[in-house]
Amino acid sequence: MTAPADDELWSAIADPSRRRVLDLVVSNGAVSASWLAGRVPFSRQAVSKHLVVLERAGLVRRRKQGREVLYQVEADRLDQATRAMAELAARWDRRLATVKRLAETAHAEDKKRNRHDG
């Protein structure tokens, strides 16, 4: 993913309310904004705003069915997002392992120094 696409993705999923909307779409297939609004503790207008952000990030797409607009998950983009989050987690795990190793080395050197000084 490109940096702007990453930024849009992280921004889209950063909001807990938006993640709730996305989770409902993932769990229930093609749903309308009205249906979603009946299952969340915020207004239909707020649901619509969240859907716009999710759509812009490529996580959901809309389609007309008669007079109704239905939203469904973009599985490929969600897979991309999952992979991006896993890669980010792995990078942080490596960084934290390095910090831990450095701290343990420094602690061992301090103990050794204190034994020789005392």
Side-chain angles (χ1 to χ4, degrees):
M1 283 193 301
T2 64
D6 279 349
D7 290 346
E8 210 160 25
L9 171 69
W10 300 130
S11 177
I13 61 176
D15 183 275
S17 297
R18 210 164 8 257
R19 285 194 310 272
R20 176 75 180 123
V21 169
L22 180 60
D23 189 40
L24 285 167
V25 175
V26 168
S27 301
N28 295 283
V31 295
S32 69
S34 297
W35 184 89
L36 289 164
R39 282 145 187 89
V40 294
F42 39 90
S43 70
R44 187 191 180 295
Q45 185 178 5
V47 167
S48 294
K49 288 180 180 182
H50 289 310
L51 287 166
V52 166
V53 174
L54 291 169
E55 188 175 19
R56 200 174 315 130
L59 291 165
V60 299
R61 68 180 149 89
R62 74 170 83 190
R63 68 178 166 83
K64 290 263 292 180
Q65 184 172 312
R67 283 200 242 165
E68 205 169 31
V69 176
L70 300 178
Y71 294 85
Q72 60 192 77
V73 71
E74 281 287 357
D76 289 344
R77 179 65 167 149
L78 193 56
D79 286 344
Q80 279 181 336
T82 302
R83 283 192 305 277
M85 285 183 267
E87 289 169 16
L88 182 62
R91 278 198 306 267
W92 276 104
D93 284 346
R94 287 190 299 274
R95 289 175 182 160
L96 291 172
T98 299
V99 168
K100 180 181 178 192
R101 192 173 56 254
L102 291 170
E104 288 171 346
T105 300
H107 181 70
E109 288 173 2
D110 283 348
K111 277 180 95 172
K112 188 188 267 186
R113 205 173 306 120
N114 288 338
R115 251 182 296 171
H116 290 296
D117 291 344

Run the numbers on Ile13 and Leu59 for side chain to side chain contact (heavy atoms under 4.5 Å, CB included), then give the verdict.
CA-CA 9 Å; Ile13 61 176; Leu59 291 165; 3.7 Å; yes

Please lay out, stage by stage, how Leu36 and Asn28 fare under the test side chain to side chain contact (heavy atoms under 4.5 Å, CB included).
CA-CA 10 Å; Leu36 289 164; Asn28 295 283; over 6 Å; no

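Using modelled atom types, one side-chain atom of Asn114 and one backbone atom of Asp110 make a donor-acceptor pair closer than 3.5 Å. Side-chain atoms of Arg61 do not come within 3.5 Å of backbone N or O of Val73 as any donor-acceptor pair. Looking at Arg20, its side chain never comes within 3.5 Å of a backbone N or O of Pro16 through a donor-acceptor pair. The closest donor-acceptor contact from the side chain of Arg18 to the backbone of His50 lies at 3.5 Å or more, if one exists at all.
Val69 and Val25 fall within the same hydrophobic cluster, where Ile, Leu, Val, Met, Phe, Trp and Tyr residues are linked whenever their side-chain heavy atoms come under 4.5 Å apart, directly or through other members. When the side chains of ILVMFWY residues are joined at heavy-atom separations under 4.5 Å, either directly or via intervening members, Val31 and Val53 end up in two distinct hydrophobic clusters. Leu51 and Trp35 fall within a single hydrophobic cluster, where Ile, Leu, Val, Met, Phe, Trp and Tyr side chains are chained together by heavy-atom contacts under 4.5 Å. If you chain together hydrophobic residues whose side chains sit under 4.5 Å apart, Trp92 and Leu9 fall into the same group. If you chain together hydrophobic residues whose side chains sit under 4.5 Å apart, Val40 and Val52 never meet in one group.
When every heavy atom of Ala12 is checked against every heavy atom of Ala57, the shortest pair comes out as CB-CB, 3.6 Å. Listed here is the closest heavy atom pair of Glu74 and Gly58: CB-O, 3.1 Å.
If you take CG on Leu22 and CG on Asp15, they are separated by 11.5 Å, rounding to the nearest 0.5 Å. Rounding to the nearest 0.5 angstrom, the gap separating the OG atom in Ser32 from the CD atom in Gln65 is 10.5 Å. Atom CZ of Arg113 is separated from atom CD of Glu109 by 6.5 Å, given to the nearest 0.5 angstrom.
The closest side-chain donor-acceptor pair between Thr105 and Arg101, if any, does not fall under 3.5 angstrom. With no hydrogens or angles considered, a side-chain donor-acceptor pair links Arg77 and Gln80 at under 3.5 Å.
Side chains of Tyr71 and Val21 form no contact here, defined as non-hydrogen atoms less than 4.5 Å apart. Looking only at side-chain heavy atoms (C-beta outward), Arg91 and Arg94 come within less than 4.5 Å of each other. Residues Trp10 and Leu88 have side chains in contact (heavy-atom distance under 4.5 Å, counting atoms from C-beta outward).
Looking at Arg63, Lys49, Arg62 one by one, the single match for salt bridge (charged side-chain N to carboxylate O under 4.0 Å, His left out) with Glu55 turns out to be Arg62.
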